[in-house]
Amino acid sequence: MASSTPILSPPSATSKSLYFSTNPSSKLISTNFPSQPISVNTSRPLTKLNVSSSSAANKPTLKTPSSKPNDQESIFFDGGAHYGDLLANLILGFTLFWLPLTLAAVSRALFLRYRFTDLRVTVISGLTGQDRSDFSYKVIKDVKVVPRFIGEWGDIIITLKDGTIVDLRSVPKFREISKYVLSMAGKTAVPDVQEAGAKGF
């Protein structure tokens with residue numbers, strides 16, 4: 001009787017047996033991975049911040065004013081008409097005869113201003129100062145003064161070389177100002193200022 005070969009049994013040459021151990025003490029078979037670590041390029045551009053810890057950086061810097069320009073004007077006098085002119089005319093303004101002069105004094109006190117610098121003479125008038133007249137000392141021909149009241153204030157009459165007459169009314173410190181104008185104009189000596197007698201207000 002011929003020997004029988006089991007149908008369900010594969011040939012021994014090609015068969016492989018898989019064994020699974022159920023023993024917890026048995027060692028797991030380790031899988032060998034590459035020993036070299038995988039490098040991931042996570043580099044980003046860096047921005048450097050320079051922080052100075054010096055105490056001088058925290059100190060405020062003070063700007064020193066620049067030197068005075070050579071063409072900057074120096075003001076000798078800047079003001080309006082003398083207050084005594086307004087006061088005297090207000091007292092006399094109760095009479096209808098003196099009322100026009102009182103209104104003129106009020107107008108001078110509110111809207112008239114004189115300015116004498118080392119370069120020019122300026123007369124400013126008007127509600128907002130829009131009317132302005134300037135002239136240099138080089139064009140001055142003559143200067144006269146007329147005291148008012150008891151000499152507390154007075155008028156300065158300036159004659160220009162072209163014949164124009166500039167009448168500055170009720171100027172305080174009129175004697176000092178007239179002498180300054182003559183000295184800046186390079187005219188006659190300071191004591192030779194022509195002064196008329198005192199006339200009214």
Side-chain angles (χ1 to χ4, degrees), residues 62-201:
L62 299 177
K63 294 183 179 181
T64 58
S66 57
S67 59
K68 179 181 177 181
N70 295 330
D71 57 348
Q72 185 175 354
E73 297 185 34
S74 176
I75 298 176
F76 177 77
F77 175 82
D78 187 1
H82 195 280
Y83 68 91
D85 174 59
L86 176 62
L87 182 60
N89 283 277
L90 284 176
I91 295 174
L92 297 175
F94 292 103
T95 62
L96 294 178
F97 174 77
W98 204 269
L99 185 59
L101 299 178
T102 302
L103 295 178
V106 173
S107 177
R108 287 193 297 268
L110 296 178
F111 310 123
L112 189 61
R113 192 172 190 87
Y114 309 119
R115 181 179 300 160
F116 298 85
T117 69
D118 58 345
L119 297 179
R120 72 192 75 191
V121 178
T122 303
V123 181
I124 303 173
S125 60
L127 293 175
T128 58
Q130 71 275 11
D131 297 332
R132 173 169 175 163
S133 301
D134 298 86
F135 55 90
S136 173
Y137 294 104
K138 297 179 181 179
V139 300
I140 294 177
K141 180 180 179 181
D142 189 20
V143 178
K144 296 180 181 180
V145 296
V146 179
R148 297 293 180 180
F149 193 47
I150 56 175
E152 292 296 325
W153 63 89
D155 301 343
I156 300 178
I157 303 173
I158 301 176
T159 304
L160 305 182
K161 292 180 179 179
D162 61 354
T164 304
I165 297 177
V166 181
D167 191 1
L168 308 180
R169 302 295 301 274
S170 305
V171 181
K173 300 180 180 179
F174 65 99
R175 293 185 179 88
E176 293 84 349
I177 294 175
S178 61
K179 292 178 181 179
Y180 177 79
V181 172
L182 278 177
S183 64
M184 296 301 296
K187 297 299 178 182
T188 57
V190 171
D192 295 335
V193 178
Q194 299 181 21
E195 180 174 338
K199 296 181 180 181
F201 298 101

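Under a 4.0 Å N-O distance rule, the pair Asp85/Arg148 does not qualify as a salt bridge.
Under a 3.5 Å cut-off, the side chain of Lys141 and the backbone N or O of Thr164 do not form any donor-acceptor pair. A donor-acceptor pair under 3.5 Å links the side-chain atoms of Thr102 to the main chain of Asn89, judged by distance alone. Between the side chain of Tyr114 and the backbone N or O of Arg169, at least one donor-acceptor pair lies under 3.5 Å. A donor-acceptor pair is defined here as one N or O able to donate and one able to accept, closer than 3.5 Å; no such pair exists between the side chain of Ser107 and the backbone of Leu103.
Each of Ile165, Val166, Val143 was compared with Thr159 under the side chain to side chain contact (heavy atoms under 4.5 Å, CB included) criterion, and only Ile165 meets it.
One finds the CG atom of Asp155 at 5.5 Å from the CG atom of Asp167 (value rounded to the nearest 0.5 Å). From Asp162, atom CG reaches atom CG of Leu160 across 5.5 Å, with rounding to the nearest 0.5 Å. Once rounded to the nearest 0.5 Å, the distance linking NZ of Lys173 with CD1 of Ile156 reads 12.5 Å. Atoms CD1 and CG, from Ile158 and Leu182 in turn, are 9.0 Å apart once rounded to the nearest 0.5 Å. Rounding to the nearest 0.5 Å places CZ of Arg115 at 5.5 Å from CD1 of Ile75. The distance from the NZ atom of Lys179 to the CZ atom of Phe174 is 10.0 Å, given to the nearest 0.5 Å.
Of all the heavy atoms in Trp98 and Gly93, the pair that sits closest is CD1-N, 4.2 Å. For the pair Pro172 and Gly80, the tightest heavy-atom approach, listed with the atom from each and the gap, is CD-O, 3.4 Å. Of all the heavy atoms in Gly126 and Asp131, the pair that sits closest is CA-OD2, 4.2 Å. Pro147 and Val145 make their closest contact through CD-O, 4.0 Å (heavy atoms, listed as atom of the first residue, atom of the second, distance).
Residues Ile157 and Val146 meet the side-chain proximity criterion, which asks for heavy atoms closer than 4.5 Å. Side-chain contact between Thr122 and Arg132 is present, with heavy atoms from C-beta onward closer than 4.5 Å. Counting heavy atoms from C-beta outward, Ile140 and Phe135 have side chains that approach closer than 4.5 Å. Looking at Asp118 and Phe76, their side chains never come closer than 4.5 Å, going by heavy atoms from C-beta outward.
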(message) Before you tell me yes or no, could you show the steps for Leu90 and Val106 under side-chain contact (heavy atoms from CB on, under 4.5 Å), namely the whole-Å CA-CA distance, both residues' side-chain angles and the distance that decides it to 0.1 Å?
(response) CA-CA 8 Å; Leu90 284 176; Val106 173; 4.1 Å; yes
(message) I'd like to know whether Ile177 forms a side-chain contact (heavy atoms from CB on, under 4.5 Å) with Val171, so could you lay out the CA-CA distance, the side-chain angles of the two residues, the decisive distance to 0.1 Å, and finally the verdict.
(response) CA-CA 9 Å; Ile177 294 175; Val171 181; 3.7 Å; yes
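Taking the six-membered ring where the residue is Trp, Phe116 and Phe77 present tilted rings, their angle falling between 30° and 60°.
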